[in-house]
Amino acid sequence: RWLMYCSYDVNHVCNLTDVDDKIIVKMLAENKTLKDVTEKYSSAFFDDLRVLNIIKANSYPKATEHIEDIKKMIDGLIASDHAYIENGSVYFRVSSFPDYGKLANLKLDEITPTEPSVATQQGPNERRGMDEKRDARDFALWKAFNPSGDGDVTWNATFGQGRPGWHIECSAMCNRLLGPSIDIHAGGVDLVFPHHQNELAQSEAFSGQQFSRYWLHNGFVNINNEKMSKSLQNFKTLRDIISKPSDARAFRFMVVTAQYRNPLNFNAETLQSAINSMKRIDRLVENMKSMISSSSSSSTLSPTSSSSTSSSEPAVPNNSDTNSFQSLLESCKNDFEVAMSDDLNTPRAVAAMFRLINAVEKSFNKKELTKEEAKKVLEVLSSMDAVFGVLYDVPEDYFSQVSNKGGSGNNVVSSADCDECGSSHKSPNQLEANLNAVKVLADRRRELKANKQFKEADEVRNSITELGYGIKDTKDGYDIFLL
């Protein structure tokens with residue numbers, strides 16, 4: 001979305017692994033075909049993309065549809081002595097690639113044949129072939145057919161009957177659809193080694209060209225500050241988390257406004273905080289639309305109702321006020337773009353958006369906003385949302401599909417309403433979720449004060465207060481504290 005915002009032509013390929021060790025184990029355990037197993041999960045994957053408003057990739061290639069491309073790449077690696085055949089399997093010769101380890105900041109001569117990071121991070125069939133490898137660091141490109149363990153999943157090749165290894169699948173599909181060199185390769189941080197390192201090595205050994213110019217690795221999802229895993233019984237799918245359209249949009253907001261390289265801590269409170277943020281955004285958008293469609297030339301609507309009107313006509317802001325408002329719009333949009341250009345710094349980008357929202361809410365409540373200004377506000381919010389993608393109509397049929405397909409339908413969001421006053425108080429986890437945005441706002445306030453923009457600095461302080469924090473200036477900068 002950010003690349004498209006910047007007017008790049010994007011050719012996005014998202015490959016689907018539809019044959020590997022774990023899939024075959026599940027296929028045999030459930031007595032199903034490979035296609036039955038993979039289509040069940042790919043269908044759920046595409047449903048989830050749709051409900052989260054994720055722009056479709058240009059291509060979704062499947063490994064089983066590119067077996068010939070895989071065999072061609074393996075043939076080339078064998079011919080160039082980067083790979084060898086052993087008992088019907090084909091292995092990549094790691095020692096033939098001097099730069100092996102560079103992606104993971106490992107040096108080849110420091111990775112010993114007994115290195116745990118090599119042996120333990122391979123798949124079950126990779127470890128099964130440890131005895132036949134010429135070097136424990138080598139990895140499988142093609143796995144010889146095992147009648148007792150592979151079922152009917154096998155293909156014939158010049159180097160023997162079998163099936164592809166996981167790493168070579170990605171390289172072959174990428175080479176076929178995007179060519180030997182690509183601009184950006186993305187994936188989870190857990191894939192840096194060995195998967196992406198192996199992918200890089202075999203691709204560059206095959207083509208002799210740089211495989212990817214940039215690598216973007218996203219952090220883990222944690223549940224209540226613990227890594228999500230089935231062993232900890234805290235594993236959740238999207239279908240466990242969302243039960244209604246507002247949950248889906250809030251979940252998207254929570255994810256896209258977190259820095260992609262950092263771990264994302266999920267719990268009921270952080271999702272509830274995102275729901276509250278989306279309500280605030282929606283309310284502002286609705287107020288702006290109501291203003292534009294009203295007969296008055298400036299804001300006469302109540303901030304909590306789109307139907308109430310004022311008994312008197314507010315004065316239209318003078319040119320000085322108009323210029324100041326235009327400067328606010330430009331400043332917020334510029335801050336947003338600067339943040340996104342800085343390694344997709346979405347926490348800073350969303351802070352810029354809420355700086356705008358905070359200022360517009362105050363002008364609206366004071367009935368100082370004109371129709372033209374409301375239109376400009378929507379234009380800026382719309383341009384920001386081209387990247388965030390949170391203002392959309394959620395496909396409601398998804399929720400009936402989840403129910404029909406056996407999703408739990410449980411809403412993990414719990415209310416934090418006080419029994420005595422009925423108010424929704426911020427929990428410690430909500431406050432923690434707000435802290436990154438507060439730090440960004442605090443730095444912004446410091447810059448404004450240095451530039452003697454004291455009115456704007458006060459507005460930023462108010463935004464910090466609304467997030468549950470106070471700020472105190474010190475000789476060295478500032479201190480942030482809970483209210």
Side-chain angles (χ1 to χ4, degrees), residues 15 17-25 28 34 61-101 103 108-109 111-115 117-176 180 193-209 211:
N15 61 297
T17 299
D18 61 346
V19 55
D20 74 353
D21 299 336
K22 292 180 181 179
I23 295 174
I24 292 174
V25 168
L28 296 175
L34 188 72
K62 298 178 181 178
T64 55
E65 296 172 349
H66 289 270
I67 297 298
E68 292 305 313
D69 295 315
I70 292 169
K71 291 192 288 187
K72 179 181 177 181
M73 183 170 276
I74 294 174
D75 277 331
L77 291 169
I78 293 172
S80 60
D81 205 31
H82 285 294
Y84 58 90
I85 304 171
E86 200 72 50
N87 295 329
S89 293
V90 182
Y91 295 95
F92 183 85
R93 193 191 310 274
V94 167
S95 61
S96 72
F97 192 76
D99 283 338
Y100 187 86
L103 182 64
L108 180 57
D109 58 2
I111 304 176
T112 63
T114 56
E115 179 71 45
S117 63
V118 175
T120 62
Q121 293 194 50
Q122 308 287 7
N125 278 19
E126 199 83 65
R127 293 193 290 273
R128 187 188 71 193
M130 289 291 285
D131 292 339
E132 65 187 24
K133 294 181 184 180
R134 299 177 188 176
D135 188 322
R137 297 171 298 187
D138 298 345
F139 57 88
L141 301 175
W142 187 263
K143 301 178 180 183
F145 179 56
N146 176 15
S148 62
D150 291 343
D152 61 353
V153 182
T154 184
W155 290 268
N156 292 318
T158 55
F159 32 80
Q161 184 181 9
R163 59 185 174 86
W166 176 35
H167 313 302
I168 196 68
E169 294 174 0
C170 301
S171 290
M173 286 186 278
C174 186
N175 185 70
R176 175 69 174 179
F193 189 88
H195 181 53
H196 285 168
Q197 179 57 75
N198 291 351
E199 197 181 343
L200 181 154
Q202 64 200 9
S203 295
E204 293 189 359
F206 177 75
S207 70
Q209 300 180 42
F211 176 47

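F139 and H167 have perpendicular rings, their planes meeting at more than 60° on a 0 to 90° scale where under 30° would count as parallel. Classified by interplanar angle (parallel below 30°, tilted 30° to 60°, perpendicular above 60°), the ring pair Y100/F193 is perpendicular. Using cut-offs of 30° and 60° on the angle between ring planes, the pair W142 and F159 is perpendicular.
A cation-pi geometry, defined here as NZ or CZ lying under 6.0 Å from the six-membered ring centre and within 45° of its normal, holds between R134 and Y84.
Q197 contributes a side-chain N or O that, together with a main-chain N or O of L103, makes up a donor-acceptor pair within less than 3.5 Å. Side-chain atoms of N15 do not come within 3.5 Å of backbone N or O of P61 as any donor-acceptor pair. Between the side chain of K133 and the main chain of A140, no donor-acceptor pair closer than 3.5 Å is present.
D69 has its side chain out of reach of N175: every pair of non-hydrogen atoms, C-beta onward, lies at least 4.5 Å apart. Side-chain contact between M73 and I168 is present, with heavy atoms from C-beta onward closer than 4.5 Å.
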*Evaluation steps, side-chain contact (heavy atoms from CB on, under 4.5 Å), between L34 and I23*: CA-CA 7 Å; L34 188 72; I23 295 174; 3.5 Å; yes

_Working for side-chain contact (heavy atoms from CB on, under 4.5 Å), residues F97 and L200_ = CA-CA 10 Å; F97 192 76; L200 181 154; 4.0 Å; yes

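Between K143 and D20 there is no salt bridge, since none of the side-chain N atoms of the basic residue sits less than 4.0 Å from a carboxylate O of the acidic one. For the pair D135 and R137, the salt-bridge criterion is met [side-chain N within less than 4.0 Å of a carboxylate O].
Summarising the geometry of R163 relative to V153, their closest heavy-atom pair is CD-O, 4.1 Å, with the distance given to 0.1 Å. Counting all heavy atoms, side chain and backbone alike, D138 lies closest to S95 at OD1-N, 4.5 Å. Contact detail for S80 and L77: the closest heavy-atom pair is OG-O, 3.2 Å. In plain terms, the two heavy atoms of I85 and I78 that are nearest each other are CG1-CD1, 3.9 Å. Nearest heavy-atom pair across E199 and F211 is OE2-CZ, 3.6 Å. Across every non-hydrogen atom of V19 and P164, the tightest pair is CG1-CG, 4.4 Å.
Rounding to the nearest 0.5 Å gives a distance of 13.0 Å between NZ of K62 and CD1 of I67. Put simply, CD1 on I74 and OG1 on T158 are 9.0 Å apart, with the number rounded to the nearest 0.5 Å. Within the model, atoms CG of D21 and CG of D150 stand 8.0 Å from one another, a figure rounded to the nearest 0.5 Å.
When Q202, R176, E204 are each tested for a side-chain hydrogen bond (donor to acceptor under 3.5 Å, both in side chains) with S171, only one passes: Q202.
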